Protein chains: 2
Amino acid sequence: MVRVGLTTERLTQAGADLADEVGFEHVTVSALARRFDVKVASLYSHLKSSQDLKTKIALLALEELADRAADALAGRSGKDALTAFANVYRDYAREHPGRYAAARLKLDPETAAASAGVRHAQMTRAILRGYDLTEPDQTHAVRMLGSVFHGYVSLELAGGFSHTAVDSQDSWAWILDSLDALLRNGTTL
Amino acid sequence: MVRVGLTTERLTQAGADLADEVGFEHVTVSALARRFDVKVASLYSHLKSSQDLKTKIALLALEELADRAADALAGRSGKDALTAFANVYRDYAREHPGRYAAARLKLDPETAAASAGVRHAQMTRAILRGYDLTEPDQTHAVRMLGSVFHGYVSLELAGGFSHTAVDSQDSWAWILDSLDALLRNGTTL
DNA sequence: CAGTTTGCCTAAAAGAATTAGGCAAATACA
DNA sequence: TGTATTTGCCTAATTCTTTTAGGCAAACTG
């Protein structure tokens, strides 16, 4: 009976990889056990439940995403920062569709408050400091940016933009131009 | 052995109701059978599989949403149309969170092409006719509107906007104002 | 009212989640 | 180094969900 060396971290990582391969909705404790070639019950020393596994994958994805975003924002401001930030989301979702789906999991309020989700909000506000917005407009703008980024990425991932001849990359650039213009003009449009 | 009168339509309807009550991800053939007080196997005369049920709920939701949107658009144009259309999405998602989640299910291309999803795209284009956009800008704008509506609604539903003092309704209005202004100004921002 | 269709059933297999309790490997400690 | 303790992974069992096969009776067809 050789010990494989399971830990919560390794399980979470492998679960995230599994999500990218088969889709987050198909991540299961059984499949994860198979991947480590151990019995299912063995995972329950490290994970409370199937839901717990999903939550841990979500938190991992949020961390990774926040780390990448922080990297991308370093030394940038204005439209440059906006674009870099937006591309982090889009690129991450394309590279890691399962992890991205996990990041969209609805977390209970305490878990969400302790997650990297708060860093995301902070970074969005940091970007908006490059534009001239005061409250409550800044909050409105935070929400708008979050909506556009998440909405675009998730529609694109679902294949929603593959029917038309127009290239998705062009639409993305156009949208970022538009958002930048919008924010520069403040509320006086 | 009294016959309950199961039909695919009744099952789909009840499945949609169930989704609104317990969440689309918790919709199961077993739960649906329980609701009709019949044995699980009985549903398989009307449904091919669990996936089939989910797809049918998704198609139902897309139809309902398109019907509401068509109603809302009748006799409106410009910002009035834009606002009415956007509110249909948001209101539907708030009234029927399970159905809305179902409508976001990834459908295989043929199913999607035969679904009410195409009406949604057509209506979005109809709204944009009230603004002065030519291709490919119109396509970019279609994608942007879709992203914002879907993104906002899904973030709001996930509770993402409940942490701040700023009212979600105000942000929504601000965003619609911004989009209208953006589209009115064309690409010359 | 006989014949056919068909709706809901029982039965059964297989995958997935979860808990309880056990044995052996790793670690601690004398 | 040998013993004691912890702990990692196991077997076993329960429950729930999905899905298929085959049967009987109710509802239409004539």
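This structure is a prediction, so every number in the text was calculated from the model and none was measured. So that the names make sense, note that chain A is the first sequence line, chain B the second, and so on, each numbered from 1.
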Item to check | Check: A/Q169 and A/F161 side chains under 4.5 Å, non-hydrogen atoms | outcome: no
Checklist entry - How are the rings of B/F85 and B/Y89 set relative to one another: parallel (under 30°), tilted (30 to 60°) or perpendicular (over 60°)? => result perpendicular
Item to check | Rounded distance in Å - CG (B/D52) to P (D/dT17) | outcome: 19 Å
Item to check | salt bridge (charged side-chain N to carboxylate O under 4.0 Å, His left out) between A/E156 and A/R94, worked out | outcome: CA-CA 9 Å; A/E156 185 179 38; A/R94 287 148 70 105; 3.0 Å; yes
Next on the checklist: In this structure, how many angstroms lie between the C1' atom of D/dG8 and the CG atom of A/D37, rounded?
Outcome noted: 15 Å
Checklist outcome for this item: Ranking D/dT19, D/dT17, C/dC8 by distance to the side chain of B/Y44, first place goes to D/dT19
Item to check | Sugar-phosphate only, base, or nothing, as touched by A/A31 at under 4.0 Å among non-hydrogen atoms | outcome: nothing
Checklist entry - Considering residues, nucleotides and ligands other than A/D37, do more than 12 of their heavy atoms fall under 6.0 Å from its CG? => result no
Next on the checklist: Determine whether the aromatic ring centres of residues B/H96 and B/Y100 are separated by less than 6.0 angstrom.
Outcome noted: no
Checklist entry - Between A/S42 and D/dG8, does any side-chain N or O lie under 4.0 Å from OP1 or OP2? => result no
Next on the checklist: Is B/R34 close enough to D/dT17 that one of its side-chain N or O atoms is under 4.0 Å from OP1 or OP2 there?
Outcome noted: yes
Checklist entry - Of all the choices, C/dC8, C/dA17, C/dT10, which nucleotide is nearest to the side chain of A/S50 once you look at every atom? => result C/dA17
Checklist entry - Tell me, do A/E9 and A/L60 make a side-chain contact under 4.5 Å, heavy atoms counted? => result no
Checklist entry - Is B/T28 near enough to D/dT18 that one of its side-chain N or O atoms lies under 4.0 angstrom from OP1 or OP2? => result yes
Item to check | Touch class at under 4.0 angstrom, heavy-atom based, for A/V4 against every strand present | outcome: sugar-phosphate
Please produce a list of atom pairs where a protein N or O lies less than 3.5 Å from an N or O of nucleotides 27-29 of chain D.
none

Checklist entry - Taking atom C1' of D/dC10 as reference, at what distance in whole Å does atom CZ of A/F36 sit? => result 17 Å
Checklist outcome for this item: From CG of B/L6 across to P of C/dC8 the rounded distance in Å is 4 Å
Checklist entry - Nearest-Å distance, CG (B/L11) to P (D/dT18)? => result 13 Å
Checklist entry - Once you round it to whole Å, what is the distance between P of D/dT18 and NZ of B/K48? => result 17 Å
Next on the checklist: Please pick, from D/dA12, D/dC9, D/dA21, the nucleotide with the shortest atom-to-atom distance to any side-chain atom of A/A41.
Outcome noted: D/dA12
Checklist entry - Taking OP1 and OP2 of D/dT18, is either one under 4.0 Å from a side-chain nitrogen or oxygen of B/S30? => result yes
Checklist entry - Does a side-chain N or O from A/H46 land closer than 4.0 Å to OP1 or OP2 of D/dT7, or not? => result no
Next on the checklist: Rounded to whole Å, how long is the line connecting atom NE2 of A/H26 with atom P of C/dG15?
Outcome noted: 16 Å
Next on the checklist: So B/Y131 and B/Q138, do their side chains get closer than 4.5 Å, heavy atoms only?
Outcome noted: no
Item to check | Whole angstrom value for the distance that separates C1' of D/dT18 from NZ of B/K39 | outcome: 16 Å
Item to check | Among B/R10, B/R99, B/R35, the one residue meeting salt bridge (Lys or Arg N to Asp or Glu O under 4.0 Å) with B/D17 | outcome: B/R99
